[in-house]
Amino acid sequence: MPDVITNIMAELNDQQFSITLKKGQKSLAARDINVIWYRRFQIKDNLNLSLEEFEKSTDSEIRRFRTSEKIALFRSLVYRLEDKFWLSHPDTAAVNKIMQLDIARKLEIIVPKTWIISSKEQLKEVLKIYPKLALKPIKDIRPISMGKKFFNQYTTIIEMDFLDHLNDEPFPFLVQEYISKDYEVRSFFIDDEFYSMAIFSQDNDQTTVDFRRYDYKYPNRNVPFKLPVDIDQKLKKLLRRLKLNTGSIDLLVSGDKYYFLEVNPVGQFGMVSSPCNYHLHKKIAQFLIKQDNA
Amino acid sequence: MTKDYFILHGNCIPVKGATRSIICDLQLGKYKYIPNELYDILNLSREHSITDLEEKFDLSEDGSLFHYFEALVKSGYGIFTNTPELFPVLDLEFATYSEVTNAIIDYNSTSTYNLISVIKQLEGLVCEAVQIRNFDGLNIDILEKISTTFSESSIPIFEIILKHDIIVEGRLESILENNSRFRYVIVHSSPVDKSIEIKNSKVHFTKKSIDSSSHCGQISSFFFTVNIESFTEALAYNSCLNKKISIDTNGEIKNCPSFEKSFGIINNTKLVDVLRNLEFKKVWKINKDQISTCKDCEFRYICTDCRAYTKNGGLFDKPQKCSYNPYIGEWEN
């Protein structure tokens with residue numbers, strides 16, 4: 001069972017800068033840490049305002065201040081642990097999709113044509129040439145809750161009629177040429193090796209565009225996959241360029257073409273590990289132990 | 001574009017029996033019968049093109065091999081491809097982090113050992129599933145104590161089999177409302193047969209009397225499990241006893257309550273010490289390939305097993321309560 005840290009205490013004086021993480025009676029000093037497996041950083045915020053307080057305009061400012069304080073604390077912790085081994089360093093983990101695509105392109109990895117749209121006219125011009133486009137966030141999916149409903153920014157196909165929903169100068173968004181695929185590949189990278197899975201989602205209308213719209217009745221076929229050697233090499237080069245020592249890469253395969261979509265540095269590996277019996281939990285644990293003893 | 005190869009999906013594994021074979025779909029949890037002839041061909045199809053295979057094997061009946069393959073593609077078991085080397089067969093290694101995954105604890109009105117301490121020990125061993133069996137009636141206070149201990153523990157799956165009595169039936173609902181970790185509750189010797197659901201628990205009342213551990217060891221297609229974990233486990237280990245620890249009603253620690261051999265009394269022996277005893281783990285390694293008849297059965301890696309009740313009483317004989325005959329491919333009654 002992972003321990004959730006209940007206290008972070010830092011002390012800076014003439015002699016030292018120490019940080020201690022505590023949970024109940026257990027404590028862990030930064031100097032005793034060799035290896036960090038970075039997934040995400042969260043501080044539970046007990047800011048508990050009454051409804052009246054909540055509705056005051058100052059509330060969002062309070063939240064913004066607290067968020068900025070949280071980030072500063074996190075940065076201090078990262079700074080204190082700078083010389084340690086990180087499995088995904090938070091700085092490199094922050095690279096966004098469009099930056100990744102550009103670096104991939106330079107390494108001669110095939111990427112879908114990509115635009116960031118901020119005017120209706122611009123989108124119209126693109127749609128004239130590519131009548132089908134995939135709409136997705138520039139960075140990550142962030143579930144948004146509105147009342148009791150949840151909204152996920154799943155990849156969506158748009159066509160000319162999408163223009164009807166748009167004002168002249170919309171909030172910037174990313175679109176890519178729609179690739180008709182044979183199957184998708186998700187590759188998890190650890191200890192210099194890819195563990196890949198092919199996802200046959202094309203047969204299923206519900207998941208054709210985004211396999212995360214799971215169909216529980218007719219699930220996609222998920223099978224172990226081995227990247228062709230040249231793709232394997234290029235993707236390893238890409239990860240080195242992005243300074244990532246782990247990550248989850250999404251690809252589309254169309255004929256003999258492998259389209260790179262993105263790499264998620266703190267991506268899920270369970271969805272690759274269990275269908276393919278890769279035992280990635282064990283491999284990650286063994287890798288971390290190896291680094292800890294190095 | 002024509003595709004030269006047919007391959008089964010990497011998680012669809014063919015298993016050959018004496019008279020027929022099955023393809024086990026470890027992803028979707030189902031299986032499909034195929035003739036043994038096709039089994040041999042499928043084992044070669046990753047390295048040999050369809051044309052090659054058609055030349056090598058002359059399938060006189062049912063038209064061409066291609067039609068067999070087409071049917072398998074249609075039913076979702078495989079694909080046509082030009083790059084079979086990119087679709088490896090599933091790695092069939094079995095691995096689990098805990099030393100014990102399941103436990104059977106028999107507890108009767110005459111039992112004198114401390115059940116709560118046993119549950120705590122199992123929690124310490126990161127055991128995933130615990131089944132408690134009671135044959136002759138369980139005091140309601142003990143049932144409540146068990147329930148509380150489990151709801152406070154990190155053991156994810158918990159089942160209980162117990163004898164019906166009026167007090168238990170009356171209190172069961174409130175107990176289950178407070179403990180979502182009971183997956184199954186079986187109440188035997190009940191005046192009526194009925195099945196109900198209370199919160200996350202399935203509760204079955206049965207008129208049958210389960211008055212001793214000798215009711216265990218049933219083998220039927222009803223108990224087949226088709227998934228990666230149990231298939232890979234059955235390939236290398238015993239599909240009943242691997243990573244199992246049991247305590248019988250007298251507090252004897254055993255591989256299975258129905259076994260003779262005891263590894264100590266729970267009152268003065270720790271479970272963790274029994275697990276250090278290599279002798280205890282010996283039966284874990286009896287896979288189906290070592291068991292007579294089972295080794296020729298197409299269901300051997302999706303079936304349960306029983307080493308306590310066997311055909312001629314031998315440790316390597318087929319389960320006594322199995323009525324399937326793989327040599328004619330039929331269930332006999």
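A note on names: the letters A, B, ... follow the listed sequences, proteins ahead of strands, and every chain is numbered from 1.
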Only pairs of heavy atoms separated by less than 4.5 Å count here; which of A:Ala198, A:Ala285, A:Ser274, A:Pro228 has the most with chain B? A:Pro228
How long is the gap from NE2 on A:His281 to OH on B:Tyr97, to the nearest 0.5 Å? 9.0 Å
Counting neighbours of NZ on A:Lys237 that are heavy atoms of other residues, nucleotides or ligands and sit closer than 6.0 Å, is the number greater than 12? no
Using non-hydrogen atoms and a 4.5 Å limit, figure out which bit of B:Leu86 sits close to chain A: side chain, backbone, both or neither. both
Atom CG of A:Asp230: over 12 foreign heavy atoms under 6.0 Å: yes
With the side chain counted from C-beta on, respond yes when B:Phe87 and A:Lys226 share a heavy-atom pair under 4.5 Å apart, and no when they do not. no
Which atoms of A:Asn222 are under 4.5 Å from chain B, going by heavy atoms: the side chain, the backbone, both sets, or neither? both
A quick test of your reading: do over 12 heavy atoms of other residues, nucleotides or ligands sit less than 6.0 Å from CD of B:Glu123? yes
Mind listing the closest non-hydrogen atom pair of A:Pro224 and B:Gly10 along with its distance? CD-CA, 4.3 Å
For B:Thr232 and A:Asn277, run side chain to side chain contact (heavy atoms under 4.5 Å, CB included): C-alpha distance rounded to whole Å, both residues' side-chain angles, the deciding distance at 0.1 Å, then the answer. CA-CA 9 Å; B:Thr232 53; A:Asn277 205 31; 3.7 Å; yes
Just by distance, do the side chain of B:Gln27 and the backbone of A:Asn220 share a donor-acceptor pair under 3.5 Å? yes
Mind ranking B:Cys12, B:Gly76, B:Ala95 by heavy-atom pairs under 4.5 Å with chain A and telling me who comes out on top? B:Ala95
Test ring pair (Phe, Tyr, Trp, His ring centres under 6.0 Å) on A:Phe200 and B:His9; report intermediate values, then the result. CA-CA 11 Å; A:Phe200 290 89; B:His9 286 306; 5.7 Å; yes
Using a cut-off of 6.0 Å, state whether more than 12 heavy atoms not belonging to B:Lys16 lie near its atom NZ. yes
Quick check: do B:Asn11 and A:Arg221 have side-chain heavy atoms less than 4.5 Å from each other? yes
If you draw a 6.0 Å radius around CZ in A:Arg39, do more than 12 non-hydrogen atoms from other residues or ligands fall strictly inside? yes
Structural part of A:Ser196 lying under 4.5 Å from a heavy atom of chain B: neither
Please check if atom CZ in B:Phe231 has more than 12 non-hydrogen atoms from other residues, nucleotides or ligands closer than 6.0 Å. yes
Quick check on B:Ile79 against chain A: is it the side chain, the backbone, both or neither that has a heavy atom closer than 4.5 Å? side chain
Please classify the contact between B:Glu93 and chain A as side chain, backbone, both or neither, with a heavy-atom cut-off of under 4.5 Å. both
Is the side chain of B:Asp91 donor-acceptor paired with the backbone N or O of A:Cys276 at a distance under 3.5 Å, no angle test? no
B:Asn227 portion near chain A, given a 4.5 angstrom heavy-atom threshold: neither
